[in-house]
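Written out below as structure tokens is the structure these notes cover.
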Amino acid sequence: MTMQLSLGELAQRLGAELIGDADTVIRGVNTLKDATATDVSFLANPSYRSQLSDSNAGAVIVGAKDAESVKGAALVVANPYLSFARVTQMFDNRPQPVRGVHPSAVVAASATLGADVSIAANVVIGEHCVIGDGCEIGANTVIGDHCVLGRDCLLRANVTLYHDVVLGERVQVHSGAVIGADGFGFAPDKGRWHKIAQLGGVRIGNDADIGANTCVDRGALGDTVIGNHVILDNLIQVAHNVQIGDGTAIAACTAIAGSASIGARCTIAGGAGIAGHLEICDGVHIAGMALISKSITEPGAWASGTAQMPLQDWRRSATRFRQLDSMAKRLQQLEKRHEGKA
Amino acid sequence: MTMQLSLGELAQRLGAELIGDADTVIRGVNTLKDATATDVSFLANPSYRSQLSDSNAGAVIVGAKDAESVKGAALVVANPYLSFARVTQMFDNRPQPVRGVHPSAVVAASATLGADVSIAANVVIGEHCVIGDGCEIGANTVIGDHCVLGRDCLLRANVTLYHDVVLGERVQVHSGAVIGADGFGFAPDKGRWHKIAQLGGVRIGNDADIGANTCVDRGALGDTVIGNHVILDNLIQVAHNVQIGDGTAIAACTAIAGSASIGARCTIAGGAGIAGHLEICDGVHIAGMALISKSITEPGAWASGTAQMPLQDWRRSATRFRQLDSMAKRLQQLEKRHEGKA
Amino acid sequence: MTMQLSLGELAQRLGAELIGDADTVIRGVNTLKDATATDVSFLANPSYRSQLSDSNAGAVIVGAKDAESVKGAALVVANPYLSFARVTQMFDNRPQPVRGVHPSAVVAASATLGADVSIAANVVIGEHCVIGDGCEIGANTVIGDHCVLGRDCLLRANVTLYHDVVLGERVQVHSGAVIGADGFGFAPDKGRWHKIAQLGGVRIGNDADIGANTCVDRGALGDTVIGNHVILDNLIQVAHNVQIGDGTAIAACTAIAGSASIGARCTIAGGAGIAGHLEICDGVHIAGMALISKSITEPGAWASGTAQMPLQDWRRSATRFRQLDSMAKRLQQLEKRHEGKA
């Protein structure tokens, strides 16, 4: 598929002010550094501003204040990064699936398929599922009984949904993601663990995005709930009965323990850990690899850990960290002596 | 499937003392807060005790000392959490599989299938496998050659077992788990890595539970061994030749490096890291996101890292952490001066 | 398959000097401790030297300086660990696949399959793929459109390749790995996230090894690039547009954020985190669970975090860590007073 648009069309679709020739043809999107005369590029991060004057891009999406610095054509918009996102969608080269149900798919007779669905090879769909209009289900994906997918969901290859998983509209789920596996619930007794059957399900809102190999466990009693416009990166653990508010973004390899409640519009960087049974309010930012073990009740940014050091220096600091309480007490003693003398 | 039990039946199955009407019908399980008159609930964590008087539950599972505080019927038992686990199993709503082999499954002629097995769509079972009585294998799961599954194992959809993996009885494996992949063994030579073929296998004991997207690598020489009643959460890495003792529980996103030996009845919280070639004795608890790089020879609890702080404050502490050795030396100097003066 | 070799043949294949009987038959490989008279063993790590005299191995691969300490036969080589790797390959017991295409596989008519390929059950191969000679594709693996695999690649069961993924020659990919999923790119606007279509692909060099459940995301603009002889362990996250140089080794559960550039011949231990948009030069070693948030411009070893402590002691140190800036300032004040007095 070769896509092309004139700058005039592009400006119109973006609602941009065009400074340049409306007939110039654009065939792709690229960075300022790598763009050629048939590419559109963008400036969103001010630290790349110096590249504007050297870029060979056919046109650059910029804010008003940078319009004059563009060498070629400029597409002037209020939010260049958002406009860039829209342009990437115009030039999206993802292969389009064949509509219909592949003959190798195994779809339960009791399942309901919407209009214009695409069910790829070896897909398995369980009893009483409802698959909304326009949904696309990738090869070898398995959907358990009683699942409901809203319209235009996109499940890639090798996804697993257990039973009783409900997805909103336009939810995207990447390969290897597992939604609805049993939460980690066991009652200990005499050195053995007795399984607590996980009786709840999973509910995911509209426009959510679930990354590759990410796990969202089903609830023990009641559901695990992920809000609208929540975006989860790869290899994330969402334990049973976690709640995640609308618009929250979580980067890769973060782990959220059971029954934690995370507010709306939070941003959690990669590798963070959130302990169970706590609450994080709306608008909180968690730094990379931070451990959060107590509730956070006001918006703001949190961190834990220490910063990178050469290994040899780190060994010394780490040794001293073990002595910190003693150091603090000795410091207090010195201060007391001084006070005595003062 | 609608399940229901009278309180009398429930009390009998649990061995509970019933304070209330034996004919009351129970149709589900729920939390104290959300339970209705047809639900049974439970009190295991004392911090929820205040909810007892407000709960609308038809009956509550409690210990003897809380029996009087229950508003409705009480089921008095020695271990309320264990009884709750049993009740969830009575009300388990997991769809039951169709027994037999789905026509789309690809089962090697040399494989042996026990009685009452359930082999779902698109399952692949390799040469010379032995699948025990009552095993259930989920859709699109792949089992390599020479695997042995004890009776009543439950492998969910999209599980992968490589060759020579041996599971005990009643082992549960969740979707996306990979058991028996090659350990990470390579010999370096002139900037290249020469693969060490991983000649061992994996042995997993009875009643073990392996979480979604968890990896258990095969041994290099000899097997990786997971004991009985070991429970592993999601997204855990168990490297080659690791040994895990009976009854140990490990939470999500923990990584255990090669040849580490972990004792029995340990509890390891989420996101922990265990270095290779060390030993952790029985009964050790590791805190969340702790890094364990030296052997632990006595039962007890261990941690590493730092606790959460507002990001701005954390930056200052992190800067000072780099100066810790210098701070410690300067403190010593001050102390010496004082001693000299004393 | 029972493999056997005489010590004479083994010495010849390894280019080793044999001290012992060339007719002795070897049937396996084992550790010094567990080897029997028909096993070959090896000494690479000096800390096992004391086991040489007790080992019952039929022969031991050693360096010249240890040859005299071997009880039985010795195979004297320059690099014992490398020779051990070669021996494991000679005795590799991995089941060999049936060549050809399994009838249940779904291969696009436009795909090109090389000579001697093995395509297992339920494999799905997309439009216009090119699969090199000798490639082996495990059961239930899905390969998207326009992928290119060099000769002798080995993809295990349940692997997922999205479209436009290019693998070099002899690349191994373990089960559950996902290569080419969308990078985590979204433009925020009014509490919503607008997806940035990920227009790039993934390129992986020759002899790379990708672990189980590891994710390598496709580039946003331009490709994510992994060099030759790069080895990635399990459950690793490689975000969009990351570059990894030749010969670099990364252990399990490490996360690398978007557009990070990692040099050649680096070694990154398990659970590390590398922030986005930074550069790590050639020859850097990162310690386990270290967070790297700034570029590293010279070879060397880096760490972060703190070392393990008993939980009770750790609580005290963690509390003092919060007071570190205050402690440092109070220490300075004491020093100033002393200077004033001196």
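On a predicted model such as this, the values are computed, not experimentally measured, just so you know.
- In this structure, B/Ile196 CD1 and C/Arg86 CZ are separated by 12.0 Å, a value rounded to the nearest 0.5 Å.
- Taking B/Asn213, B/Asp164, B/Asp145 one by one and counting their heavy-atom pairs under 4.5 Å with chain C, the maximum is reached by B/Asn213.
- Partners of B/Lys294 according to the salt bridge (charged side-chain N to carboxylate O under 4.0 Å, His left out) rule, which considers only residues two or more places apart in sequence or in another chain, do not exist here.
- With a 4.5 Å cut-off on non-hydrogen atoms, B/Asp217 touches chain C through its side chain but not through its backbone.
- In this structure, the portion of B/Met309 lying under 4.5 Å from any heavy atom of chain C is its side chain and not its backbone.
- For B/Asn158, the parts sitting under 4.5 Å from any heavy atom of chain C are the backbone and the side chain alike.
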Using atom types as modelled, flag every donor-acceptor pair under 3.5 Å from a side chain in residues 283-290 of chain B to any protein atom, sequence neighbours excluded.
residue  : atom : partner  : partner atom : Å
B/His285 : ND1  : B/Thr267 : O            : 3.1
B/His285 : ND1  : B/Thr267 : OG1          : 2.8

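- In this structure, chain C has a heavy atom under 4.5 Å from the side chain of B/Tyr162, while its backbone stays farther away.
- Chain C forms more heavy-atom pairs under 4.5 Å with one residue of B/Ala255, B/Ser293, B/Gly300 than with any other, namely B/Ser293.
- With a 4.5 angstrom heavy-atom cutoff, B/His277 touches chain C only via side-chain atoms.
- Heavy atoms closer than 4.5 Å to chain C are found in both the backbone and the side chain of B/His194.
- Side chain of B/Trp193 to main chain of C/Gly247: a donor-acceptor pair is present (N/O by atom type, distance under 3.5 Å, no hydrogens or angles).
- The CD1 atom of C/Ile231 sits 4.0 Å away from atom CZ of B/Phe184, with the distance rounded to the nearest 0.5 Å.
- In this structure, C/Arg322 CZ and B/Ser317 OG are separated by 9.0 Å, a value rounded to the nearest 0.5 Å.
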